[in-house]
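Taking it in order: structure first as structure tokens, then the write-up.
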Number of protein chains: 2
Amino acid sequence: MAEDLIARIGAALAEVSPSDRRPIYRRLSDLLARELRQGPAGTRLPSERRLARELGISRVTVRRALDELSAEGLVLRRRGARSAAAVRLEKRLSSLTGFSDELRNRGMRPGQRWLSRQVVLPAPSEALALDLAPAEKIARLERVRLADGHPIAIERAAVPLAYLPDPGLVGDSLYAILAEGGTPPVRGAQRIRAGLMSGRDAELLDSRPGAPLLIVERRCFLADGRPVEFTETRYDGESYDFLTELQPQNGTYQSEMA
Amino acid sequence: MAEDLIARIGAALAEVSPSDRRPIYRRLSDLLARELRQGPAGTRLPSERRLARELGISRVTVRRALDELSAEGLVLRRRGARSAAAVRLEKRLSSLTGFSDELRNRGMRPGQRWLSRQVVLPAPSEALALDLAPAEKIARLERVRLADGHPIAIERAAVPLAYLPDPGLVGDSLYAILAEGGTPPVRGAQRIRAGLMSGRDAELLDSRPGAPLLIVERRCFLADGRPVEFTETRYDGESYDFLTELQPQNGTYQSEMA
DNA sequence: AGTCCGGCCTGGTACATACCAGTCCGGCCC
DNA sequence: GGGCCGGACTGGTATGTACCAGGCCGGACT
């Protein structure tokens, strides 16, 4: 068991490509993550000292890799006992994978249908969210998100024109365009609430007025704190949900039931 | 500025109480967190080397503290430039504060009304979620959560009897009881979806049938992976929402719009 | 005044060492 | 067989050092 794992990881570490800029600890944590995902929960890892010795790296570097895995919830660590594969949990809501990747993870085919991509005056909520000067225009992108050809969400994104002068340029990914323009979002915040479908919602989502909605408002920021995007997404509540994991904090479990 | 900050932190580190079991890095990160929360976003911290020198600790320890702050989204770090206070974001959904604390943060008074606390046979979903043997009973706790005296959520928790032999013992906090019994949950997962109120929901929540609900299912685990709790909470969708932040990962921003 | 470059400062990675707190397991005793 | 204890092993904390990649700022030059 442990011999096989160490041999596989050692071989993978030894044949790293020159274009791979990941530090050792990142490479090790990625390799260990793959192993952990393929094995049963509860599997014990080799000790830190053994990994360090047999892989020819420092124990501190091994610990750094395990710190990453622990932060991602993939290992459970306890002083005096070897680290073990954690019970496997779903992806964290706070680090949502791309919408398309998320659907693929669920075995579905992603798609989209553009409703509009235009330069407009902002709605009051958009102006407020984006800290806009009076009469400042925005790029607004509206589309229906599909899963296996079925509509599951209506998405409306607003971006200041300074960052997206031509909304027509956006293909699949707004973020790719923003990154190319040198203004990648680095942080964001979301509000999740429940609502009921309007007539328009129902029409676009092939549902009925009054059906449940999950409404997500998202605001994203540049590295210097300026808001770069404000998006509202209305998910068909009968077709979609969010999964998230709960992390211990400061050795104490924080919970709704405190 | 930096002199004041270093003096305050140095003084606080020097007068630590013997009962304080936190390691140095944790103490430093807690102290820095408090400073960062009280100052404007964008404020620059002293360099790692200066903090280490003037506080009389190792730079590696300083880095460890800053790693924690970075993971919590309180600082932005960039090679070659001093770390800065990040734009302040709301609490992470993945580390929900206690329900009561959350309400207090919103300036509301928390409360509750017990519907039942009893030993029962589990519903199929509960049996599945808790990996129960056939005919194994559970403790089930059902209550309405109040904010300023108004009902906002219906909560139904199921716990295997092995961990909670007497549900009547639960006052405000199920988790406190579990911790006292030596079986504290250390991890969990949640599913968030939208729904519509039933007649019973509407009656308990002073609303109307068909009104929107935010439904949260939570499953929590012991350190060894055994499930210890399965809870469904039905929030009045017109009174409550979730706030969450988005984190960069691996230097690349993950997003729904990828 | 504007631009460029070099030096210094900054954060990031990796290594090594020492020591402490906790866990596990085998051996011994009842 | 069961319980206890000690030793070996484990993870956790803290320190120090070396070096690299990137950013900032002041001085020189145009």
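FYI, side chains are in, hydrogens and waters are out, and symmetry mates aren't considered; it's all heavy atoms of this structure. In the text below, chain A, chain B and the rest are named by the order of the sequence lines, each starting its count at 1.
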Interatomic spacing from OG1 in B/T231 to CD in B/E126 - rounded to 0.5 Å: 9.0 Å
CG on A/L51 to OG on A/S58, rounded to 0.5 Å: 12.0 Å
Would you tabulate the nitrogen or oxygen pairs shorter than 3.5 Å linking the protein to nucleotides 6-8 of chain C?
none

side-chain contact (heavy atoms from CB on, under 4.5 Å) against B/E232, all qualifying residues, sequence neighbours excluded: B/R193, B/I215, B/E217, B/R234
Length of the CZ-C1' vector between A/R53 and C/dC15, whole Å: 17 Å
Dot-bracket notation for DNA chain D, counting Watson-Crick and G-U pairs under 3.5 Å, with | for partners on another strand: ||||||||||||||||||||||||||||||
Expected output: side-chain [X] to main-chain [Y] donor-acceptor under 3.5 Å:
{"X": "B/R219", "Y": "B/P227", "result": "no"}
{"X": "A/R27", "Y": "A/R22", "result": "yes"}
{"X": "B/R77", "Y": "B/S70", "result": "no"}

Qualifying residues under salt bridge (charged side-chain N to carboxylate O under 4.0 Å, His left out), relative to B/E54, sequence neighbours excluded: B/R50
B/R34 atom CZ: more than 12 heavy-atom contacts under 6.0 Å: no
Heavy-atom pair with the smallest gap, counting every atom of B/L174 and B/A157: CD2-CB, 4.4 Å
Nearest heavy-atom neighbours spanning A/P165 and A/V119: O-CG2, 4.2 Å
Passing candidate, salt bridge (Lys or Arg N to Asp or Glu O under 4.0 Å) with A/E48, options A/R82, A/R79, A/R59: A/R59
Pairwise side-chain contact, A/I9 with A/L28, heavy-atom cut-off 4.5 Å (strictly under): yes
Sequence-aligned protein contact record of nucleotides 9-15 of chain D, with B where the base is within under 4.0 Å of a protein heavy atom and S where only the sugar-phosphate is: -BBBBSB
Report, one pair per line, the protein and nucleotides 25-27 of chain D atoms (nitrogen or oxygen only) whose separation is under 3.5 Å.
none

